[in-house]
6 protein chains.
Amino acid sequence: MPRTPIEYRNASAELRAVFDDIKRTRQVDDVNNFWKYLARDPATLKRTWESIKEVMAPGALDPLVKEMLYVAVSVTNGCGYCIASHTAGARKAGMTEAMFGELMAVVGMANETNRLANGFRVPIDPAFMD
Amino acid sequence: MPRTPIEYRNASAELRAVFDDIKRTRQVDDVNNFWKYLARDPATLKRTWESIKEVMAPGALDPLVKEMLYVAVSVTNGCGYCIASHTAGARKAGMTEAMFGELMAVVGMANETNRLANGFRVPIDPAFMD
Amino acid sequence: MPRTPIEYRNASAELRAVFDDIKRTRQVDDVNNFWKYLARDPATLKRTWESIKEVMAPGALDPLVKEMLYVAVSVTNGCGYCIASHTAGARKAGMTEAMFGELMAVVGMANETNRLANGFRVPIDPAFMD
Amino acid sequence: MPRTPIEYRNASAELRAVFDDIKRTRQVDDVNNFWKYLARDPATLKRTWESIKEVMAPGALDPLVKEMLYVAVSVTNGCGYCIASHTAGARKAGMTEAMFGELMAVVGMANETNRLANGFRVPIDPAFMD
Amino acid sequence: MPRTPIEYRNASAELRAVFDDIKRTRQVDDVNNFWKYLARDPATLKRTWESIKEVMAPGALDPLVKEMLYVAVSVTNGCGYCIASHTAGARKAGMTEAMFGELMAVVGMANETNRLANGFRVPIDPAFMD
Amino acid sequence: MPRTPIEYRNASAELRAVFDDIKRTRQVDDVNNFWKYLARDPATLKRTWESIKEVMAPGALDPLVKEMLYVAVSVTNGCGYCIASHTAGARKAGMTEAMFGELMAVVGMANETNRLANGFRVPIDPAFMD
C-alpha cells in the first residue's frame, strides 16, 4: 500500500479535524508519524485517536504511570516505534532516568519470571483464584 | 521432572533460608507455589528471589506501580499464573478496581497500537531517535 | 554464520532446482532474499518451500485470504521482513487499500481483546468448549 | 479484583444498554462471558464494544474473513478464550472444517517462517520497501 | 470444529499410515493427542509429521539438544501442551533435573535480556553485523 | 533517556569493576554495546551481569548448548540485537553452519507446532501431566 505519510497540508477536512484535536490535546505543533501513516485509513485513524484520548486521560492512574505501562508493553512486544515514542512520552510526563532504570528492571524480571512460571508449570495458588 | 512443590517442612536448610527471607520480606505465613516449584533448582530459586527482592523494593517507583507493570507484562505474555499472582500483589499494594480497569485499558490499547505501528510500518520520528 | 545470500548463478544444481520451482510457481524472474538466505541450509530451503507451496495453493481458502492471514500473523509477531514481503504478496493477490485498512483494524482489535480476555481472566463459555 | 461476571439481571441501565446492543447486533439471547467480565469497568466495556462493532461490520472484507483473521491472531498469541470464542464465531459465519484446516496450516507456517526470517536475518528486498 | 481426537481404530488407511510411521519411529504404542487432533486435517497431519521427523532426526545436533530447544521455544511462547510434551520428550532423551534447571535459567535470562536490549534500544555492535 | 553508551574511559569506578569482570570472564578487550547502554543504570548492569555470569557458566549443560538456547529464545522473540550477539556467541563457542541450520529448523518447527497445538486446542495427554 502507498507507504507515505499524509501531511497536514495534504489532509482532507475529515483528517484535519482529527489532526487538530491531537495537536490541541497534546499541545504539539505537529502530529507524530504514527498518525500520519494511519491517516491512510481515516476510520482507523479516528477510532484509534478517540480510544487513545479516552484511555490516556488522567483518571485513577496518572498520565506518567500510563505512559510507563505503555513502554512496558511495547518493550515486551519489541515494537521499535512504540518504544521510542512512548519513552519520549513518559519522559515528557516526568520520568527521570532513575525511574526509567527501574521500569526496565521490572519489565525484564517480569519477562523472566513469566517463563519460569511457564516452564516449571506452576499451578495457581487457591488464594489467587478470585 | 518431578512436578511437585517442595513444602517448607521438607525443605533443606539452604532452601529454608530463602523461604524464610521471602516470608519475612513479604510478611506472609507461607510462600507461593512459584517459589515451591522453583525450589527444585536451588540456584535458580536463590538468584531469582534475590533479583526480585532488589527490583521490587521501593525506589524511584513505588511498589504499587511496580506491581501494575508486572501485571501489564504478564497480561501481554498471557502468563496465567503471573496474571493471577501479580493482580493479587497489586491489589494488596493498593490497586482499586478503577485502577485495574484503567490498567487493562492501557495494556489493551498498547497491544493494539503496537500492531498498527508494525502493520503500517511507521518510521521512527527523528525527535524520538535519542 | 556467513550472512550472505546465495544467488542463482552461484547455486548448486540442488539449490537451482528449488529456485527454478519457486520462479515457475510464482512466475517471477528471481527469488526473494528469504530463499537466498535459507539456501545456506539446503534441507531447510527445500522443506520450507515444499510446505509453503502446499499450504499457499488455492484450496478451501483463496490465495488472497491466505496472504492476509500471513500478514496478520507477521504483524502480531512484529517480523519486519515478513510484514513487508507478505503485504506485497497480498497486494499482488488483489488486496486494495481499503482491505488493508480493515485488515489492520481487525489485527489491532484482536491483539487488544486478547489482552483484555487475559487480564480479566475470562473463563471459556460452555458453548465454546467444543 | 472481584472476578465474577455481571449478569444482565444485575446490570445497571448503562450496562444494559451495551448488553442490549450486543444482543441485537449479534442476534443472540445472552452475551458471552467476555462482556460480562468487562462489565466490571463500564467505560472499557462500552469503548471495546463500539470498536468491535465498527471493526467487525461487513466492509471491504467479509465477516467470515474477519473472524478467521481474529482466530489467526488469537492462535499466534495463545489466548485460549479468544481461540475458543472466535473459532465458534468463524464457524457460525460459515467456516467449514476444510477451511479451518487451511487456516491452521497458514498460521502454523507463518509462525515458522517468521522465525526463519528472524534467525537468518534476511534483509528486506528493495522491491518490498514501499 | 469437531474437537474430538481420531483414534487409531477409527482412522482411515491414509491416517493409519502416518500413525504407524509415528509409532515405529518413536517406538511407542500409541500416538499423542497432538497427532490425533491434527488428524482432522489429513494434509496438515502428514506434512507436519514428515517435517518433524526430518527436523528432529539426529544430525549435527543430538536429539536431546533438539528437545531442549523445543522446550525453550514452547516456554517462551507459553504453549502449555508443547511445554508438557517436549519436557517429557527431553526427559526421555536423557535430560536430568539439573539440566532442566539450567535450561529454565537460560530461557528466563534470555527473555529478560531480550527486553533490556529492546528497552535500552541497544544498537548492534559492528562485530555482530556479519 | 540519554541514549548514548558509557565507554570504559568515562565509566565510574563502580562501573569499571563490572566492565573489568566482563572482560576478564569473557576474555575480550572491550564489552559489547549491551553493557555500555545498561551502564546508564548501574544497579541493573551489576545484577544482570552477575546473573548472566552464573547462568551461562559451564554446568550440567555446556556453554555451546546454552548459547544456542539463547539464540532460540531471541529468534522466537524477534530481538534483533540478541539474535546478532548470541549467534556470534554460539559461533565462538563452536557452532558450525550445519548446527546453525538445524537450530533454525527446530526453532521454526517449534513455533509452527506451538500454534497448531493452540489452534486445534489439544488437551494434555495424561502421561505428560507430571
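Letters A, B, ... are given to chains in the order of the sequence lines, protein chains preceding strands, and every chain is numbered from 1. These numbers come from a predicted model, not from an experiment.
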Choice from E:Gly80, E:Ala117, E:Gly78, E:Gly108 maximising heavy atom contacts with chain F below 4.5 Å: E:Ala117
Under 3.5 Å donor-acceptor, E:Arg121 side chain and F:Arg3 backbone: no
Greatest number of heavy atom pairs closer than 4.5 Å to chain E - which of F:Ser85, F:Ala72, F:Ala105: F:Ser85
Among E:Arg115, E:Met129, E:Glu54, residue most engaged with chain F (heavy-atom pairs, under 4.5 Å): E:Arg115
Distance, nearest 0.5 Å, that separates CZ of F:Phe34 from OG1 of E:Thr113: 5.0 Å
N/O donor-acceptor pair under 3.5 Å between E:Asn33 side chain and F:Val122 backbone: no
Contact leader toward chain F among E:Ile52, E:Asn118, E:Val65, where contacts are heavy-atom pairs under 4.5 Å: E:Ile52
Leading residue by heavy atom contact count with chain F [cutoff under 4.5 Å; candidates E:Val71, E:Val73, E:Thr48, E:Asn111]: E:Val73
Interface moiety of E:Ser74 toward chain F, non-hydrogen atoms closer than 4.5 Å: both
CA sep, side-chain torsions, deciding dist, call: F:Asp125, E:Tyr81, side-chain hydrogen bond (donor to acceptor under 3.5 Å, both in side chains): CA-CA 8 Å; F:Asp125 303 72; E:Tyr81 182 83; 2.7 Å; yes
Residue part contacting chain F, namely of E:Thr44, when any heavy atom lies under 4.5 Å: side chain
Heavy-atom pair count under 4.5 Å with chain E, highest-scoring of F:Leu69, F:Asn114, F:Ile124, F:Asp41: F:Asn114
Option that, when pairs with chain F are counted at under 4.5 Å, heavy atom only, ranks first among E:Ile83, E:Thr76, E:Leu61: E:Leu61
Flag if over 12 foreign heavy atoms under 6.0 Å of NZ, E:Lys46: no
Partner chain F: residue of E:Met99, E:Arg40, E:His86, E:Lys36 with the largest heavy-atom pair count (under 4.5 Å): E:Met99
Distance, nearest 0.5 Å, that separates NZ of E:Lys53 from CE of F:Met109: 13.5 Å
